[in-house]
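Let me begin by presenting the structure, written as C-alpha cells, before commenting on it.
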Amino acid sequence: MEQLRTIGRELAMGSQGGWGQSKEFLDLVKSIGEARSKAEEDRIISRELDHLKRRLADPDVPRRKMKELLLRLVYAEMLGHDASFGHIHAVKMTHDESLPLKRTGYLAVALFIDERHDLVILVVNTIQKDLRSDNYLVVCAALTAASRLIGEEAIPAVLPQVVDLLAHPKEAVRKKAVMALHRFYQRSPSSVSHLVSNFRKRLCDNDPGVMGATLCPLYDLILEDPNAYKDLVVSFVNILKQVAERRLPTSYDYHQMPAPFIQIKLLKILAVLGSGDKSASGHMYTVLGDIFRKGDTASNIGNAILYECICCVSCIFPNSKMLDAAAETTSKFLKSDSHNLKYMGIDALGRLIKINPDIAEQHQLAVIDCLEDPDDTLKRKTFELLYKMTKSTNVEVIVDRMIEYMISITDHHYKAEIASRCVELAEQFAPSNQWFIQTMNKVFEHAGDLVNIRVAHNLMRLIAEGFGEEDEGADSQLRSSAVNSYLRILGEPKLPSSFLQIICWVLGEYGTADGKHPASYIIGKLCDVAEAHPTDDTVRGYAVSAILKIFAFEIAVGRKSDMLPEFQSLVDELSSSHSTDLQQRAYEVQALLGLDKQAVESVMPIDASCEDIEVDKNLTFLNSYVQQALENGATPYIPESERSGVVSVGNYRAQDQHETSAHALRFEAYELPKPSLPTATSQSSVSLPTTDLVPVPEPSHYREDHHQARSQQSGNAVSGEFGAKLRLDGVQKKWGRESYASSSTPSSSTSSQQAANGGSNSDGGGLVTSQARESSYGSKSQQQGTEVSAEKQRLAASLFGSSAAKPNRKGHAGRKAAKESSSTEKVTPQPAKEQVTPAAPPPDLLDLGEEPVSSSAPSADPFSQLDGLLGPASASPALSGTSAPSASNTPDLMSIFSDDVQTGATSASTEPAQKGATAKKGHSLQDALQKDATARQVGVTPTGNNPNLFKDLLG
C-alpha cells in the first residue's frame, strides 16, 4: 500500500507526469493508492467505470484519448472489477494503423479476453494481416496476441504464417514464432506434430535467445517420447558445455552466472534422455563434472544450478564420481544456515538415497536437526525423507515420530497424508502384529475419519486371521490384547466413527472368548456406544450386530443371558427407527433370542468371520419349490436366449424411438477409431524402427507434473482390490550399496564417451574423491561431537543404524538380519579397454563469431597425477579368463567418469569366472539378501481366495 501511495505521489507531481498521461489518470492512481480500505477503493473504481462508460459511448473521442481510456479500463479490470463494456473498443483499436495504438489494443485484448471468448473471431483476421506486415514490431505484437488468443479451432488459420516467420531475419520475430508454436502444441499437439523438424533446426540458430526458446517445446516433446530424441544428446551436451564456458555474450549473464536458465532447462532435458541409458549418460559426465567444480554457492541462482545438477545425476545412469560430487554439494546445502538451502539439501538427499543409501548415514545428525527445526516446511520435507528411507529396523522410531507430529498439526489435508503414510509403513515393515494393532489404534484415535475405511477392514481381517499359522494360543493372545485395549479406549471421549466400528466388531467377535469379561459387561459397553451416537446409524448398526453375536455365542455354549434393561430399551427404539437397516437388526435380535441352540449355531457359527462364503448362483435350493409349482400347472420359465420370437410392446416402443432419433440431428462427437492390436513378435527376429515407442524408465523428478506410468503392475490392482496399496519398490532391496540395478555389472565404455565428449580432459582434478570427502566430514563431525547430545545420538542410531553413534540398544532378530545384509562384497573392476582414437569434436552450435577463450595445453598430463587417487583397485588383476592391461598401455582418460556404481551384485556373465576364484570370508550375500527380504516382506499378501494378512511378519 505504501508503494502504491508513493507511485501515486510521483505520478501526480506534474500535470502530465513523465509518461504523457492526463491529470485525471494520475489522480485516479493517486486516489487508489491512498485508499484506506477495500470499500473505499471499490467506490473509487465504480465512479471511474461509470465515467468511462459515458466517455466510450461518445463517437468523437480522439484516438490518443481512447488509448488512455483503455489503459484506465485495464487498471480497473486488474483490480477485480467488470469492464466488459469496453472490450469491443479494445478489439477496434487492434485495427488502427498507428503502431502505439495497435500495440495498446493487442495488450488490452490479451488481458480482457481469452481463446474461448466470443470476440476472438473478430481478432483472428487482424492477426493474419499483421503477421504479413513489413514492420517487425507489428509482427511481434501479432505473435504475442496469437499465443494468448488463438484456440484449437483457429490454429490452422495462422499456422502457415507462423511457420514462415521462423526464417525471419529479425531474431525477436523468430523467438516469438517459436514461442507461438510451443503454445499451439500445448493446446493441440496433433496440429503441430509435423513441425518437429523445425524445432530441431531452430536449436542451431545463431541467436542464443532463439535457441533458448526452442528448448521449451523440445523438453515437452522429449517427455512424451525420449527415444525419438536420443540423437540430440551430443548436441545438448555441447550447448551446455559452451554455455558453462561463457561462450555466450555477457548480456545473458545473471548474477555473474552464464545463462543460468538455459543451463537449468538443458539439465532437465539431459535428465530425461539419460534415464536408464548408459551410453547416453556417458556423454554427460564430463560437463556435469565441470558444472559441479565451477558451481557458485554464494548466490541463489548458483545454488539452483547445482541443485538441478544433483537432480540430473540422480536420474541418469549412476556414476561413482558424479555421486560423490552430488553428495558433497548436498552436504554444503545441509550445513547452511538458510532454511531454503536446507530444504534443497533434504530434497536432494532423498533423491540420492534411492541410488546409494549410505549417503544418508553420513548426514544423519543434519537430518535430526532438520527434524527438530521449528520451520514446519522443513520438518515436513524431512518426514518425506524418513518415509523413503524406512526399513524393518527403524520403522518403529519413524512411525512414532510421524504420529507425534500428526497429533501436533491441525491441517486436515496433511494429517490425512501423514496417517496414510503411517499405515503404509506399518503394513509393510511391522515387526509384530501386536505393534501393528497398537500403531493402528493410535492412528485411528488421532487421525479420526481421515483414514480410509479400507484400512479399518484390513485391521479387522488381521485380528480375525491372526498370525496365519496353526498357533491358536498366539492368535487367542492377540485377540485378547485387542479386546483389553479397546475396552480401555472406550472410556475416552470423541472417538472417530471408523474406530468405533472396529471396536464394536472386535468386542462382538472376541469380547467373551477368553472368559475374562462377562457377557453383561460387554453388552453394557456396547449399549453405551449406541446411546452416545444417536445420529450415526453405522456405529449403532455395528453395536447392535455385536450384541447379537454375543447373545448367539452365549446360547451356543449353553449359558443363558438375560436381556439388560438398557438393551431392551435400545431394541424398542430401533424397532421404530426411520432407518430400515436398524429396524431389521432389531427384529433379528428379537428373533434370535427365541431360537434353540442348534438353530443359533447354524445361523451364527462361532469364529466364522474368516470362512469363505459360497454363493449359489444357480439357486439350487429353490429346485423343489419350482418343481412343485410346475406340477401345479405353473408356466415354465423361458430363458432370454429362447425368447427371440416373443416381441413385447416395449420392443415396439424402443424401435419407434430409435427410428425417430435416426432422423434427428446428432450433436455428440464421433467415436475415436480403436487402435489395432499389434501382433506379438519376438525381439530377436524383428527390430523396432526408430519411430516406434520403446518404454524406458521415467525419472520421477521430471514426470511429477505430467502423466503417471502408462501401465501399472498387476500387483497394484490386486492390492487395491484387497484395500491396501503396498509400496514394493524397496522390499527386495537392501539398505546398502546395491540399491540401483542389482542385475547390472560395472563395465567401462570409454570409447564412446571419448568420442562423444570430444576428448576433453580439462576437468580431471576438479572432483573430490569419496575418501577425501569422508575424511573431511569425519573431522567436522569430531569437532561437533562434544556438542551433540546423547538423545540425538540414540535417535540417529535408531533411524540410520550406523556406527557413527553407539548407544546401548537391545538386540533384535530383524535388526541382526538387516545388519548382516548390510555387509557387501567388493567386486573386482574389469580392466579398461584399449583406447580408441577419438572422433572429431562436433561443430560449435553456439559459434557467435567471437573468439573463444584460448587455453594452452598443460605441459604434463593432468590425468597421470590421478593414479594415486584411484586406489589400488584400479591395478588389481582381472577376473580369471581375462588378461590385465600392461603398464605400457595408454591410460584411459575418460575412465574417471565412466566408473559405475559398485552395486555389489554379480551378473550372470561373471559368475563362471568367480567360481574359480578363492572364496572370501564373511557372510554369504545370497543368504543376507534372503534374510533381509524376509524381514521386509510384510503387509497384505493375497494368496488364494482367503489371503493371510501379515503372514510373514515373524518370518
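Because only heavy atoms are used, hydrogens play no part in the values below, and waters and symmetry mates are left out as well, while side chains stay in. Residue numbers run from 1 in the order of the sequence given.
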Ion pair check, [X] and [Y], cut-off under 4.0 Å:
| X | Y | result |
| --- | --- | --- |
| Lys38 | Asp42 | yes |
| Arg55 | Asp58 | no |
| Asp207 | Arg174 | no |

- Message: Tell me every residue that passes ring-ring contact (aromatic ring centres under 6.0 Å, His included) with Tyr136, counting only those two or more places apart in sequence or in another chain.
- Response: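 Applying ring-ring contact (aromatic ring centres under 6.0 Å, His included) to Tyr136 gives none.
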- Message: Under the criterion salt bridge (charged side-chain N to carboxylate O under 4.0 Å, His left out), I'd like the reasoning laid out for Asp96 against Lys67: C-alpha separation, chi angles, the key distance, then a yes or no.
- Response: CA-CA 11 Å; Asp96 203 291; Lys67 173 185 175 182; over 6 Å; no
- With a 4.5 Å limit on heavy-atom distance, are the side chains of Arg187 and Glu115 in contact?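 With C-beta onward as the side chain, the pair touches.
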- When you check the side-chain N and O atoms of His81 and Glu77, is any donor under 3.5 Å from an acceptor? no
- Message: Under 3.5 Å, is there a donor on one side chain and an acceptor on the other for Asp253 and Ser251?
- Response: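 Short answer, no.
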Are there more than 12 heavy atoms of other residues, nucleotides or ligands under 6.0 Å from atom [atom1] of [X]?
| X | atom1 | value |
| --- | --- | --- |
| Asn135 | CG | yes |
| Gln256 | CD | no |
| Phe85 | CZ | yes |

- Backbone N or O of Ser338 within a donor-acceptor pair of the Tyr343 side chain at under 3.5 Å? no
- Any sub-3.5 Å donor-acceptor pair from Lys230's side-chain atoms to Ala280's backbone N or O? no
- Message: For Arg54 and Asp50: C-alpha separation, side-chain torsions, deciding distance, then whether salt bridge (charged side-chain N to carboxylate O under 4.0 Å, His left out) applies.
- Response: CA-CA 7 Å; Arg54 292 192 301 269; Asp50 295 339; 5.7 Å; no
- Please collect all salt bridge (Lys or Arg N to Asp or Glu O under 4.0 Å) contacts where either partner lies in residues 130-143, sequence neighbours excluded, each pair once.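 The answer is Lys102-Asp130.
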